[in-house]
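Notes follow once the structure below has been shown.
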Protein chains: 2
Amino acid sequence: MTQLRVDAQENRARIVDAARALFAEEGLAVGMREIARRADVGPATLYRRFPTKQDLIDVAFAEELQQCRRIVVEGCDDPDPWRGFSSVVHHLTVLNSQNRGFVAAFTAQDPDGEVRSTITRQRQELLPRLADLVRRAQKAGALRPDFTMDDLLLVLQAGRGLFSVRPTKAAARRFAEIVLDGLRAR
Amino acid sequence: MTQLRVDAQENRARIVDAARALFAEEGLAVGMREIARRADVGPATLYRRFPTKQDLIDVAFAEELQQCRRIVVEGCDDPDPWRGFSSVVHHLTVLNSQNRGFVAAFTAQDPDGEVRSTITRQRQELLPRLADLVRRAQKAGALRPDFTMDDLLLVLQAGRGLFSVRPTKAAARRFAEIVLDGLRAR
DNA sequence: GAATATCCGGACGCCCCCGTCCGTTACGGT
DNA sequence: ACCGTAACGGACGGGGGCGTCCGGATATTC
């Protein structure tokens with residue numbers, strides 16, 4: 001791929017924008033057609049740039065992925081492990097609540113092959129870091145000792161349920177607050 | 001409607017069973033066709049008995065609705081309001097986790113008319129009771145004073161997110177435990 | 001064992017999505 | 001200004017769900 005023609009670049013950009021918006025609002029289940037319509041582009045153009053929905057997902061969530069990465073890295077670098085941990089939970093919960101598709105994309109296993117989408121790779125890098133953060137927070141006596149990584153995924157997954165009502169940031173923050181109070185060591 | 005012919009009764013029963021199973025496993029979005037196939041019945045037969053999906057939902061969730069009602073009533077009758085409250089949260093969370101469709105059906109507003117499905121009526125009866133339980137638990141100093149009914153719905157909605165992973169009872173129980181620890185007054 | 005009302009399900013027309021093909025448009029280098 | 005080619009999108013065949021209709025099958029009644 002040398003260089004796209006400028007009109008093609010514009011179309012590609014509009015497609016990515018549309019996909020971002022629709023994935024965030026409606027989730028990953030939106031049809032390719034709907035994305036194309038929103039981008040004001042024919043179906044063929046969409047498929048030409050992104051033969052697979054996964055290709056589109058990878059590009060559309062690149063920004064969120066960076067954001068996610070920043071949240072985790074910053075949390076892990078915090079000298080106070082509990083503050084780092086609660087910051088991660090808080091921010092990831094809010095991020096989820098603002099983007100219906102992202103957690104789905106982040107959590108989804110890619111079908112049994114070696115496909116290894118960008119997102120999968122990121123996940124594999126971030127999870128061990130989080131596990132370490134959890135360990136440190138527990139050692140510091142701040143995080144309940146029976147906490148496991150499964151619990152973390154549990155909480156993040158639960159955040160997805162918030163979408164059934166209204167994806168208010170306030171609601172997400174409140175939820176994170178309650179959960180974090182439940183996770184603190186007594 | 002006088003009395004169904006016995007073969008028709010059998011078919012109706014199989015339809016309800018199929019709907020119950022599919023709603024629980026897949027959610028309310030399952031197609032009428034799929035329900036009919038699972039019940040080993042033609043589409044027309046399904047539509048003859050249940051012209052609307054809501055009709056089918058009402059009948060299919062009758063049992064869960066009773067169960068839900070029992071959970072709430074028993075919780076409200078508990079002389080220890082915190083024990084009652086936590087029992088409600090715990091059991092409703094587990095109930096949710098076992099049934100993808102139920103919370104959706106219970107939460108859904110019926111479209112702006114006076115339709116008033118059975119489920120809607122139940123909800124309108126149970127919510128005030130819960131509000132009272134919340135008030136008593138707070139007065140007893142067991143439930144965090146800033147708790148609101150919105151928080152309760154928030155938590156129950158969040159429970160729906162658990163379905164994205166695996167609807168284990170254990171996971172649901174664990175989630176309820178964490179949340180309840182977060183809701184307890186300090 | 002017929003007569004009859006009840007009930008069944010295959011089939012229909014409609015709509016929408018899927019991924020692809022190909023005739024047309026318009027960009028960009030000369 | 002011209003031309004080669006990248007890029008476009010309407011249209012296609014296939015598949016599936018929707019709610020309904022109607023000719024045939026079956027339970028019930030006498």
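Every chain is numbered from 1 and lettered A, B, ... according to where its sequence line falls, protein lines coming before strand lines.
Of the candidate nucleotides C:dC17, C:dG28, D:dG9, C:dC17 has the atom nearest to the side chain of A:R37. With D:dG9, C:dG19, C:dC7 as the choices, the nucleotide that has an atom nearest any side-chain atom of B:R48 turns out to be C:dC7.
Axis angle across the helix from C:dG1-D:dC30 to C:dT30-D:dA1, with five pairs used at each end and values rounded to 10°: 10°.
Following rounding to the nearest Å, A:L4 (CG) and C:dG28 (C1') show an atom-to-atom distance of 14 Å. One atom, CZ of B:F50, and another, P of C:dC8, lie 11 Å apart when rounded to the nearest Å. If you measure from atom CZ of A:R38 to atom C1' of D:dG9, you get 21 Å, rounded to the nearest angstrom. As rounded to whole Å, 18 Å separates atom C1' of C:dC22 from atom OH of A:Y47. Rounded to whole angstrom, the span from the CD atom of A:E34 across to the P atom of C:dC18 amounts to 9 Å. Separating the CG atom of A:L56 from the C1' atom of C:dG19 is a distance of 15 Å, rounded to the nearest angstrom.
Put simply, A:R5 has no side-chain N or O that comes within less than 4.0 Å of OP1 or OP2 on C:dA26. OP1 or OP2 of C:dC8 lies within a sub-4.0 Å distance of a side-chain N or O belonging to B:R49. The side chain of A:T45 places an N or O atom within less than 4.0 Å of a non-bridging phosphate oxygen (OP1 or OP2) of D:dG9.
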Start with the C-alpha gap between A:D150 and B:R174, add the side-chain angles, then the distance that decides, and say whether side-chain contact (heavy atoms from CB on, under 4.5 Å) holds. CA-CA 10 Å; A:D150 284 346; B:R174 175 67 172 158; over 6 Å; no
Please report the C-alpha distance between B:L143 and B:R184 in whole Å, then the side-chain angles of each, then the deciding distance to 0.1 Å, and finally whether the side-chain contact (heavy atoms from CB on, under 4.5 Å) criterion is met. CA-CA 5 Å; B:L143 178 60; B:R184 202 172 269 132; over 6 Å; no
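Comment: A:R38 engages A:E25 in a salt bridge, judged by a side-chain N to carboxylate O separation of less than 4.0 angstrom. Here A:D17 does not pair with A:R14 in a salt bridge; the nearest charged N to carboxylate O distance is not below 4.0 Å. Salt bridge status for B:E177 with A:R144: present, with a side-chain N to carboxylate O gap under 4.0 Å.
Remark: A:R129 CZ to A:D132 CG distance equals 9.5 Å, nearest 0.5 Å. Between A:F50 atom CZ and A:R12 atom CZ the span is 4.0 Å, to the nearest 0.5 Å.
In the region residues 7-33 of chain A, proximity to DNA chain D at under 4.0 angstrom, judged on heavy atoms, holds for A:A8, A:N11, A:R33.
Taking 4.5 Å as the limit, some side-chain heavy atom of B:F85 sits within range of a side-chain heavy atom of B:L180.
B:K53 places no side-chain N or O within donor-acceptor distance of the main-chain N or O of B:G31, the cut-off being under 3.5 Å.
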